[in-house]
J.: 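Please find one structure pasted underneath; my questions will follow.
All values below come from the heavy atoms of this structure, side chains included, with hydrogens, waters and symmetry mates left out.
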Amino acid sequence: MKKHSIVIAGGGSTFTPGIVLMLLDNLDRLPIRQIKFYDNDEARQDIVADACEVIIKEKAPEINVVKTIDPETAFTDVDFVMAHIRVGKYKMREMDEKIPLKYGVVGQETCGPGGMSYGMRSIGGVLELVDYMEQYSPDAWMLNYSNPAAIVAEATRKLRPNAKILNICDMPISIENLMAQILGLKSRKEMQVRYYGLNHFGWWTSITDQSGNDLMPQLKAHVKDHGYAVDFSNAGQHVDKSWQDTFKKVKDVYALAPDTMPNTYLKYYLYPQDEVEKTDPNYTRANQVMDGREKHVFTECKRIAENQSTEGATLEIDEHASYIVDLARAIAYNTGERMLLIVENNGAISNFEPTAMIEVPCIVGKNGPEPLTQGEIPRFQKGLMEQQVAVEKLVVEAYEEGSYQKLWQALTLSRTVPNARVAKALLDDLIEANKDFWPTLK
Ligand code: NAD
Ligand code: G6P
Ligand code: MN
């Protein structure tokens, strides 16, 4: 089997060590000859990559390791770009969450004003990665999970239409792991699903076992009372208290459309006030992550680098991230794996905007994804999705044209924002906070 060369863009990410451990655990499925770490913050990347180098030396010394902030070095001679950058880092995530909360509006990194703010920063960063890849390794594929994935995917569709980029989200994977647990299955791969929506905005319409037997009744019986709450030790990265609350809240989200199973993120659109009320405006998710995951990962990484050994280290394989290997294998070996991806609609949902970036099951092979037709969707979901897709498209147009007006419209149109006056006040605060990142708006 061919051995692959991979660059991890956003090498300094808190998820990088878990992904490296996962890649090393899957070398029989996806052989690797080289792993490169690329970031634009050298000091941050060094903390993570120095530890990853020790891990790789111990587990697979034959793999060549490169750590760099130079795009040419990073993007030359690679088969896959695994991209998880966060433009503005946690400091700006904190602003994205706290500014809306000042107005009693949902403060979230991918939904509502926070997502739009992050989107306006992320688009340029991701387009830059696409351009480096096309310049230095034109045959490579980018597996992108940089957020906000919905807006980033719309931006790459529109501004880099021929780019070999696959946009994917891990939320459905984590939810399917919980569903499998609810159903008493060993793995989510024992289920076959139908699903449609936008990223962080979708519904499962059918869940069967591999023989086609309907598993929905058993799931519904659990979800109507408990949401996706289970024994959370299997929830991978989504184990902490705030995620457990999210999985419980699914009960209320489910109640609105009880013939389907919802994505957890719908709570921000359907119950925004509940979310605002239970959020501490001075200590948001960004603070939890900085004091939790970031601190843990960085402390462990520093210890590994200092000892030049992983002995006693508590960094764990990110098992749930093995979907990234499934995706890379689908491209490398034309496996025809069925996976949920964020792709251009183009008729897959027959009564929905053809150019919308939707999330649906796709068959993935050497030449990319083939979306599976989901047919017509009902009025409730269609109405919600039309509003949200308009928000996402307006953000990308605002970025492209440098248009204040369009971003104001996008904010006004979001279900999370009460009116145009609040939208304008929010926009003016977000412009000020993002002045080092956003294009100038006129
Ligand atoms: P993080 O801040 O720990 O890591 C992001 C890294 O990106 C940082 O080291 C930063 O310096 C780097 N970076 C920022 N701008 C860059 C640029 N222009 N070029 C190169 N590097 C750049 O963040 P994290 O919490 O580990 O998350 C990383 C990303 O993955 C985020 O976008 C997050 O939203 C996303 N994510 C997505 C999913 C999904 O389901 N799609 C799941 C988990 C995380
Ligand atoms: C899920 C979503 C991601 C998001 C992450 C945030 O995995 O699918 O898109 O980035 O949650 O998690 P955090 O722990 O950083 O709040
Ligand atoms: Mn996601």
Side-chain angles (χ1 to χ4, degrees), residues 93 97 100-101 104-112 114-115 147-148 169-185 187-188 191 193 195 197-207 215-289 291-293 296 318-320 340 359 380-381 384 388 415-416:
R93 176 177 180 174
E97 293 169 349
L101 286 166
V105 170
V106 166
Q108 212 281 327
E109 65 160 347
T110 63
C111 301
N147 267 318
C169 169
D170 70 349
M171 197 69 250
I173 307 274
S174 287
I175 295 173
E176 287 176 15
N177 280 336
L178 296 174
M179 289 174 170
Q181 206 175 326
I182 292 167
L183 293 165
L185 305 174
S187 152
R188 69 179 169 85
M191 310 186 306
V193 311
Y195 179 100
L198 313 170
N199 178 239
H200 290 184
F201 203 105
W203 296 266
W204 283 264
T205 53
S206 159
I207 297 170
L215 300 174
M216 281 291 236
Q218 199 186 331
L219 261 182
K220 286 176 184 175
H222 180 96
V223 173
K224 76 176 177 30
D225 296 324
H226 310 291
Y228 298 139
V230 282
D231 159 17
F232 288 113
S233 45
N234 253 1
Q237 81 173 85
H238 303 111
V239 287
D240 58 19
K241 167 88 173 52
S242 128
W243 277 108
Q244 295 186 18
D245 290 346
T246 294
F247 294 130
K248 287 181 192 147
K249 184 70 182 166
V250 164
K251 175 185 168 201
D252 296 339
V253 180
Y254 166 77
L256 264 153
D259 46 346
T260 57
M261 290 288 146
N263 192 301
T264 45
Y265 279 91
L266 287 163
K267 72 173 181 172
Y268 295 109
Y269 302 95
L270 301 176
Y271 296 97
Q273 225 43 51
D274 295 3
E275 293 310 308
V276 171
E277 277 160 23
K278 68 177 178 227
T279 307
D280 177 350
N282 299 311
Y283 194 82
T284 58
R285 182 69 193 155
N287 302 107
Q288 293 175 16
V289 171
D291 293 343
R293 183 173 68 237
H296 170 67
D318 190 352
E319 301 271 12
H320 100 294
L340 294 190
E359 198 165 278
F380 173 65
Q381 284 89 345
L384 286 169
Q388 179 60 17
R415 273 189 67 77
T416 59

J.: Any heavy-atom pair between the side chains of T260 and Q381 that's under 4.5 Å?
T.: yes
J.: Not counting sequence neighbours, which residues clear ring pair (Phe, Tyr, Trp, His ring centres under 6.0 Å) with H226? List them please.
T.: H222
J.: Would the number of heavy atoms belonging to other residues, nucleotides or ligands and lying under 6.0 Å from NZ of K241 be above 12?
T.: no
J.: Nearest 0.5 Å, what's the CD-OG distance between Q181 and S187?
T.: 12.0 Å
J.: Go through the structure and list residues passing ring pair (Phe, Tyr, Trp, His ring centres under 6.0 Å) with Y254, not counting sequence neighbours.
T.: none
J.: I'd like to know if D240 and R285 make a salt bridge, using a cut-off of under 4.0 Å between side-chain N and carboxylate O.
T.: yes
J.: Testing H200, E275, R415 one by one against Y269 for a side-chain contact (heavy atoms from CB on, under 4.5 Å), which residue passes?
T.: R415
J.: Taking atom CG of L266 and atom CG of L256, what is their separation to the nearest 0.5 Å?
T.: 9.5 Å
J.: Look only at the side chain of E97 and the backbone of A286, and say whether a donor-acceptor pair between them is shorter than 3.5 Å.
T.: yes
J.: Considering residues at least two apart in sequence or located in another chain, which fulfil the side-chain hydrogen bond (donor to acceptor under 3.5 Å, both in side chains) criterion with Y283?
T.: D291
J.: Give me the ring orientation class for W203 and F201: parallel if the planes are under 30° apart, tilted from 30 to 60°, perpendicular past 60°.
T.: perpendicular
J.: Do any side-chain atoms of residues 246-253 form donor-acceptor pairs under 3.5 angstrom with protein atoms, and if so which ones, sequence neighbours left out?
T.:
{"from": "T246", "atom 1": "OG1", "to": "S242", "atom 2": "O", "distance (Å)": "3.1"}
{"from": "T246", "atom 1": "OG1", "to": "K267", "atom 2": "NZ", "distance (Å)": "2.9"}
{"from": "K249", "atom 1": "NZ", "to": "D252", "atom 2": "OD2", "distance (Å)": "2.9"}
{"from": "K249", "atom 1": "NZ", "to": "D274", "atom 2": "OD2", "distance (Å)": "2.7"}

J.: I need the M179 CE to L215 CG distance, nearest 0.5 Å.
T.: 10.5 Å
J.: What's the spacing between N287 CG and D280 CG if we round to 0.5 Å?
T.: 8.5 Å
J.: Do Y265 and C169 have side chains that approach each other closer than 4.5 Å (heavy atoms only, starting at C-beta)?
T.: no
J.: Test your reading of the model: is there a side-chain donor-acceptor pair from S174 to the backbone of M171, 3.5 Å cut-off?
T.: no
J.: Restricting to side-chain hydrogen bond (donor to acceptor under 3.5 Å, both in side chains), what partner residues turn up for T264, sequence neighbours left out?
T.: none
J.: If you measure only the distance, is there a donor-acceptor pair under 3.5 Å linking the side chains of T110 and Q108?
T.: yes
J.: Measuring from atom CZ of R188 to atom CG of N177, what distance do you get when rounded to the nearest 0.5 angstrom?
T.: 6.0 Å
J.: If the condition is side-chain hydrogen bond (donor to acceptor under 3.5 Å, both in side chains), which residues does Y195 pass it with, not counting sequence neighbours?
T.: N263
